[in-house]
Protein chains: 2
Amino acid sequence: MTKKLPKSAISQKRVLDAAAKIFRDYGYAGTTMRTIADEANLKAGSIYYHYKSKDDLISAVLDIGINAVTDRVTEALAALPEDAGGRQRIETAIVAHLSAIIEVGDYTLATRRVFGQVPEAIRAKNTRLRDSYGAIWQKILADAHARGEFRTSANLTLARLFILGALNWTVEWFKPGGRSIEDVAREFASFVLDGLSGRSENAAFPATAAGAGPKRRSARVRAL
Amino acid sequence: MTKKLPKSAISQKRVLDAAAKIFRDYGYAGTTMRTIADEANLKAGSIYYHYKSKDDLISAVLDIGINAVTDRVTEALAALPEDAGGRQRIETAIVAHLSAIIEVGDYTLATRRVFGQVPEAIRAKNTRLRDSYGAIWQKILADAHARGEFRTSANLTLARLFILGALNWTVEWFKPGGRSIEDVAREFASFVLDGLSGRSENAAFPATAAGAGPKRRSARVRAL
DNA sequence: TACATTTTCTAACTAGTGTTAGGTTTTGAA
DNA sequence: TTCAAAACCTAACACTAGTTAGAAAATGTA
């Protein structure tokens, strides 16, 4: 206990939290240094003691958001047993991702609202972080696919975009107090893996698809 | 052809298109009447002949976006045979939804970027439209579920949020010229219905990459 | 042509923006 | 208590925002 933080760090965090909240509500240009200062119980000029510009502030907010998610997911995956299957890894990643973005919801939402409006240089820097995170997912999916856990025709890049898009949308409607985030996460995982019609309530291994590969495509095509 | 539009309508649309594009790039507060005017080859003051305020403009942009999607999906569903199954309805809705949001991409993206920053009254009005659209999806899902096409444990509200979240994210990464929107839509439908591990090998796109050529759109993807 | 209507422009006003320089208070170690 | 460093504040500067009133141009009809 009694972790001794330097005073400046506390103030910085106060400013940062305020900034995330205000950016989330008013967007990049709509956010005023004076409004942030107000939220942090400061005067506008004082912010410049901690951050040297508005761009500096938004940059910090953006990075915190994606880093929180990356760290959480990385840790959760690392805690998994060596021989964990793709299904388990995906479910774990989904739970971790959702927990993280809900927990730092102000930062996540601020990012969503502000990303397209921020100066190019700042966006570029942050995009590198986001791409690294994307790579983590790509690897999970690729590994599972390599093990034959997915149907062979699955497009992994699309799958990743689909999954992350759906997950990130969650901050828009999730309200604490109701259904727990773990519940939501597990239901999501179920969608991702088995779809709506998927019968496997529990089936860990759909050895059906990949292995035996029935070539009767044309018959199926009409069904759509 | 030669539909005779009143001149004012043409000008209005020019202003509207310009507004959508600028709002999309700079957000609500970041967008200047002068910038919009510039894009529409006008002077700032002239906009006020067509719209009585900036709020009036953004409100119009927001409504157009959601209405385009609602109309397109409604038509596509209506064109289906009476006895179409849930699977077909969902796929149809996905294709229509994706086509629409890509086509009016400026409006859709403007909405995404601006929605949280717009005055409460405007947001409320637009939210009503969005809820109506959500109800369409809820009905599709409920009907399919009632017919026993989904696994019994599926949570339909979550499913809807999941699906629409993933679909709406598409505008962020989809770039015309590569994989066709219909391809993407069908792959999405496949995810939604069968999941990643789902056995149904259909995936149904004629000739995987929209032609033999591995055009390999280097999907400039963003992670989050 | 003439002339009323529609459309656009000009020029300005008020209010609020990010940022800064320099002063004031608070803090904590000696 | 002393006093320098850290943290904060005040007041202002240069600039840009949405909006408006009135003049000017474009348009269409008689």
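Every heavy atom of this structure was used, including side-chain atoms; hydrogens, water molecules and symmetry mates were not. Keep in mind it's a predicted model, so treat the numbers as computed, not measured.
- Residues B:Leu62 and B:Lys125 are not in side-chain contact: their nearest non-hydrogen atoms beyond the backbone lie 4.5 Å or more apart.
- If you check C:dT8, D:dT19, D:dG18 against the side chain of B:Thr32, the one that comes closest is D:dG18.
- Under a cutoff of 6.0 Å and an axis angle of 45°, B:Arg130 and B:Phe115 form a cation-pi pair.
- Going from atom OG1 of B:Thr35 over to atom CG of B:Asp25 covers 10.5 Å, rounded to the nearest 0.5 Å.
- The separation between B:Met33 atom CE and C:dC9 atom C1' is 15 Å, rounded to whole Å.
- The separation between B:Lys43 atom NZ and D:dA24 atom P is 17 Å, rounded to whole Å.
- Among D:dT20, C:dT6, D:dA7, the nucleotide with an atom closest to any side-chain atom of A:Tyr49 is D:dA7.
- Rounded to an integer number of Å, the gap from OH of B:Tyr26 to P of D:dT16 is 15 Å.
- Taking atom NZ of residue B:Lys52 and atom C1' of nucleotide D:dT19, one finds them 14 Å apart after rounding to whole Å.
- Residue contacts for B:Thr31: at a heavy-atom cut-off of 4.0 Å it reaches the sugar-phosphate backbone alone, with no base atom in range.
- B:Asp55 has its CG atom 13 Å from the C1' atom of D:dA17, to the nearest Å.
- With distances taken from any side-chain atom of A:Ser46 to the nucleotides C:dT6, C:dC9, D:dC9, the minimum falls on D:dC9.
- Within the cation-pi definition used here (under 6.0 Å to the ring centroid, within 45° of the axis), B:Lys21 does not qualify as a partner of B:Tyr26.
- Between the base of C:dG16 and the side chain of A:Arg34 there is no donor-acceptor pair shorter than 3.5 Å.
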Exercise. What do the steps show when you test A:Asn67 against A:Tyr107 for side-chain hydrogen bond (donor to acceptor under 3.5 Å, both in side chains), and what is the final call?
Worked result: CA-CA 10 Å; A:Asn67 282 335; A:Tyr107 291 80; over 6 Å; no

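- One can place OH of B:Tyr51 at 17 Å from P of D:dG18, the figure rounded to the nearest angstrom.
- Side-chain nitrogen and oxygen atoms of A:Ser11 include at least one within less than 4.0 Å of the OP1 or OP2 phosphate oxygen of D:dC8.
- For the pair A:Arg14 CZ and D:dA7 P, the interatomic distance rounds to 11 Å; values are reported in whole Å.
- Note on B:His50: a side-chain N or O is less than 4.0 Å away from OP1 or OP2 of C:dT8.
- A straight line from CG of B:Asp38 to C1' of C:dT8 spans 15 Å, rounded to a whole angstrom.
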